[in-house]
Amino acid sequence: MKYGVITTACRDREGVVAERTDFLRNLGANLCVGYGQQLGRMFVLDMLYQAEDVDMNRIAIGVKEDIPDATPALVEVPEPISYRDPKAHHYSLVHISEDSLGIVSKLTELLVMHSASIVDLESFTYSASNSGVTLFEVRMQVDIPNSIAVRNLREEFAELERYKGWEIHFNPTSHQGVRIPSPTPYPLDRQLNWTPSVHPAEEAVGRQFTDPVKWAILSTISTDRPGILAGNSRFLGQRRASIHSQAARRIGNQFSSHCLFKTSSADMDRVKREYLQELKDFHPTLINATSPAASTDDLHLQLSVHAIDEPGILADVSRPITAHGASITTLAFGLYPARDMPRGTPLFVAEMNLLVRDHIASRHIESELLNLERDKGWEVDYRRAKRRLDKPIQEEDA
């Protein structure tokens with residue numbers, strides 16, 4: 001049995017998750033860990049899977065033929081053992097400030113300086129509910145090698161708060177799940193903070209552009225080590241790009257990063273000329289994007305699935321979502337040891353945030369999920385999501 005990681009970025013549309021998971025299932029692969037997220041009107045998806053040797057070859061051949069719209073990257077990896085370093089200090093970092101250029105770059109360079117390793121990262125822009133000011137928020141899980149590095153980082157972050165006016169929360173996280181022999185954390189809902197679908201006005205975000213604005217997603221995947229996000233952010237910053245939102249995480253022994261950014265037409269041409277050479281160690285891909293759409297009045301719901309692992313769970317669950325016009329905004333899934341079951345029997349757990357167009361579609365989805373629960377014996381929980389209360393501001397198309 002071998003393991004691989006596939007990472008994709010494409011225009012968001014109905015059925016993206018179902019298509020990707022069906023592709024792997026039909027070629028004999030079983031999903032182990034995965035994360036998906038909307039970035040503006042794009043959708044990025046990273047999946048760690050296992051398959052027999054012959055099936056790995058079929059997947060490698062078929063991936064570029066069957067999903068050409070998604071700039072897929074495929075990497076064979078060793079068997080995953082542990083998601084976090086049990087010897088490290090586990091911390092969460094939350095940063096909130098008015099949007100400006102270079103925020104992610106500054107934070108990640110400080111972490112690299114003190115040999116800290118980023119486990120996962122999300123960033124997004126939104127409008128403050130009272131003042132309407134455009135805010136930029138970053139959330140990270142970080143492994144820090146020792147208490148000296150923790151103390152030094154606290155001092156560095158305090159300096160940033162004092163002189164830049166940033167709000168930074170840097171706190172130890174629970175060790176729950178660290179000793180579970182699983183390649184992803186438990187509970188999964190720690191990974192699914194609601195990301196608001198709000199997009200500030202063009203002139204309010206970071207750099208002001210006089211030329212036509214171009215959007216793109218820069219994706220990288222490489223063996224996990226300090227400095228990946230810092231290198232990506234530095235590359236974009238040096239080419240005057242403004243990061244809108246970002247999703248990055250450790251998956252197996254790899255670290256994947258997807259960054260939705262915008263810049264002028266001339267600077268985008270420079271990015272396209274230089275990214276392959278400058279970021280060659282991170283196996284980069286670049287895909288054109290469009291500016292994020294304004295937020296909608298769709299219903300916000302959450303879906304949780306717990307089931308004894310078998311091929312096709314995620315594909316079956318996502319099928320009614322696609323059939324009734326709903327979209328998945330965030331996704332996380334993983335395998336865990338199941339209690340009260342024979343040794344080695346894994347439990348498959350998936351968590352999703354959904355946008356559903358109306359109550360009628362929601363009832364149809366709920367009905368079909370209940371049928372799956374009854375017929376398959378899965379535990380399915382379909383409920384309203386807890387939303388942020390930030391005020392959305394429409395962003396004009398570029």
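All residue numbers refer to positions in the sequence shown, counting from 1. For the numbers below, each heavy atom of this structure counts, side chains included, while hydrogens, waters and symmetry mates do not.
Note that the CD1 atom of Ile221 and the NE2 atom of His283 stand 8.5 Å from one another [nearest 0.5 Å]. The CG atom of Asn232 sits 11.5 Å away from the CD atom of Glu278 when rounded to the nearest 0.5 Å. The SG atom of Cys32 sits 5.5 Å away from the CG atom of Leu48 when rounded to the nearest 0.5 Å. Summarising the geometry, atom CZ belonging to Arg249 is positioned 12.5 Å from atom CD1 belonging to Ile118; distances are rounded to the nearest 0.5 Å. Between the CG atom in Asp309 and the CG atom in Leu31 there is a gap of 8.5 Å [rounded to 0.5 Å]. The distance from the OG atom of Ser115 to the CD1 atom of Ile144 is 10.5 Å, given to the nearest 0.5 Å.
Side chain of Ser233 to main chain of Ala230: no donor-acceptor pair is present (N/O by atom type, distance under 3.5 Å, no hydrogens or angles). Using a distance-only test at 3.5 Å, with no hydrogens or angles considered, no donor-acceptor pair links the side chain of Ser92 to the main chain of Thr173. Looking only at distances, a side-chain donor or acceptor of Glu161 sits under 3.5 Å from a matching main-chain atom of Ile168. Using modelled atom types, one side-chain atom of Thr263 and one backbone atom of Arg240 make a donor-acceptor pair closer than 3.5 Å. When atom types are taken as modelled, the side chain of Arg41 and the backbone of Asp12 share no donor-acceptor pair closer than 3.5 angstrom. Between the side chain of Ser367 and the backbone N or O of Arg363 there is no donor-acceptor pair closer than 3.5 Å.
Counting only heavy atoms from C-beta outward, the side chains of Asp120 and Met140 never approach each other to under 4.5 Å. Counting only heavy atoms from C-beta outward, the side chains of Phe333 and Ile313 never approach each other to under 4.5 Å. Taking the side chain as every heavy atom from C-beta outward, Thr8 and Arg20 approach each other to under 4.5 Å. The side-chain heavy atoms of Leu24 and Met47, taken from C-beta on, include a pair separated by under 4.5 Å. Looking at Glu109 and Arg234, their side chains come closer than 4.5 Å, going by heavy atoms from C-beta outward. With contacts defined as side-chain heavy-atom distances shorter than 4.5 Å, the pair Thr7/Leu45 does not qualify. Residues Glu76 and Met56 meet the side-chain proximity criterion, which asks for heavy atoms closer than 4.5 Å. Counting heavy atoms from C-beta on, the side chains of Trp215 and His244 come closer than 4.5 Å.
The ring of Tyr49 has its center no closer than 6.0 angstrom to the ring center of Tyr3. Remark: aromatic rings of Trp378 and His306 are distant, center separation not under 6.0 Å. Ring centers of Phe235 and Tyr275: at least 6.0 Å apart, outside the cut-off.
For the pair Ser256 and Ile251, the tightest heavy-atom approach, listed with the atom from each and the gap, is OG-CG2, 4.4 Å. The minimum heavy-atom distance linking Ala241 with Phe261 is given by the pair CB-CD1, 3.6 Å. Contact detail for Ala326 and Val356: the closest heavy-atom pair is CB-CG2, 3.9 Å. Considering every non-hydrogen atom in both Leu74 and Ala60, the closest pair reads CD2-CA, 3.5 Å. Of all heavy-atom pairs spanning Ala9 and Ile217, the tightest one is CB-CG2, 4.2 Å. Across Ile321 and Ser327, no two heavy atoms sit closer than the pair CG2-N, 4.4 Å.
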Task: Intermediate values then yes/no, side-chain contact (heavy atoms from CB on, under 4.5 Å), Ile96 and Val138 - done: CA-CA 7 Å; Ile96 303 172; Val138 183; over 6 Å; no
- [ ] Please test Lys214 against Asn288 for side-chain contact (heavy atoms from CB on, under 4.5 Å), starting from the C-alpha separation and ending with a verdict.
- [x] CA-CA 8 Å; Lys214 299 293 185 180; Asn288 292 329; over 6 Å; no
- [ ] Begin from the C-alpha positions of Asn353 and Gln302 and carry the test side-chain hydrogen bond (donor to acceptor under 3.5 Å, both in side chains) through to its verdict.
- [x] CA-CA 5 Å; Asn353 279 318; Gln302 289 181 322; 3.0 Å; yes
Open item on the list: Working note: Asp381 + Ser304, criterion side-chain hydrogen bond (donor to acceptor under 3.5 Å, both in side chains); need CA distance, chi angles, decisive distance, verdict.
Closed with: CA-CA 5 Å; Asp381 182 19; Ser304 304; 4.7 Å; no
Open item on the list: One pair to check against side-chain contact (heavy atoms from CB on, under 4.5 Å): Val104 and Phe136. What are the steps and the verdict?
Closed with: CA-CA 10 Å; Val104 175; Phe136 186 79; 3.7 Å; yes
TODO: Starting from the C-alpha separation in whole Å, work towards a yes-or-no answer on side-chain hydrogen bond (donor to acceptor under 3.5 Å, both in side chains) for His95 and Ser97.
DONE: CA-CA 7 Å; His95 160 278; Ser97 71; 3.1 Å; yes
- [ ] Check the pair Thr329, Leu354 against side-chain contact (heavy atoms from CB on, under 4.5 Å), reporting the backbone distance first and the verdict last.
- [x] CA-CA 6 Å; Thr329 59; Leu354 310 175; over 6 Å; no
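With respect to Arg154 and Glu159, no salt bridge is recorded, no charged nitrogen being found less than 4.0 Å from a carboxylate O. Of the charged side-chain nitrogens involved, at least one lies within less than 4.0 Å of a carboxylate oxygen, so that Arg58 and Asp55 count as a salt-bridged pair. With respect to the salt-bridge test (charged N to carboxylate O, under 4.0 angstrom), the residues Asp316 and Arg25 qualify. Asp143 has no carboxylate O lying under 4.0 Å from a charged side-chain N of Lys87, or vice versa, which leaves the two without a salt bridge. Ion pairing between Arg250 and Asp224 holds under the 4.0 Å rule for side-chain N and carboxylate O. Checked for salt-bridge contact, Arg319 and Asp22 meet the test: a charged N lies under 4.0 Å from a carboxylate O. For the pair Arg357 and Asp298, the salt-bridge criterion is not met [side-chain N within less than 4.0 Å of a carboxylate O]. Using a cut-off of 4.0 Å between Lys/Arg side-chain N and Asp/Glu carboxylate O, Arg374 and Glu368 are scored as not salt-bridged.
Residues Leu276 and Leu236 fall within the same hydrophobic cluster, defined by Ile, Leu, Val, Met, Phe, Trp and Tyr side chains chained together at heavy-atom separations under 4.5 Å. With hydrophobic clusters built from ILVMFWY side chains whose heavy atoms lie under 4.5 angstrom apart, Val94 shares a cluster with Phe124. Using a 4.5 Å cut-off between side-chain heavy atoms of Ile, Leu, Val, Met, Phe, Trp and Tyr, with links allowed through other members, Val112 and Ile228 fall into different hydrophobic clusters. Under a hydrophobic-cluster definition in which Ile, Leu, Val, Met, Phe, Trp and Tyr are linked whenever side-chain heavy atoms come within less than 4.5 Å, directly or via other members, Leu299 and Leu369 are assigned to the same cluster. In the hydrophobic clustering of ILVMFWY residues, with side-chain heavy atoms under 4.5 Å counting as a link, Leu111 and Met113 come out together.
A parallel orientation is assigned to the rings of His324 and His364, their planes being inclined by less than 30° (bins at 30° and 60°).
Defined by atom type and a distance below 3.5 Å, a donor-acceptor pair is missing between the side-chain atoms of Thr125 and Asp99. Side-chain contact check for Lys2 and Asn57: no donor-acceptor pair (N or O, by modelled atom type) lies under 3.5 Å. Side chains of Ser219 and His258: a donor on one and an acceptor on the other come within 3.5 Å. The closest side-chain donor-acceptor pair between Tyr126 and Glu137 falls under 3.5 angstrom. Using modelled atom types and a 3.5 Å distance limit, the side chains of Ser362 and Tyr382 yield a donor-acceptor pair.
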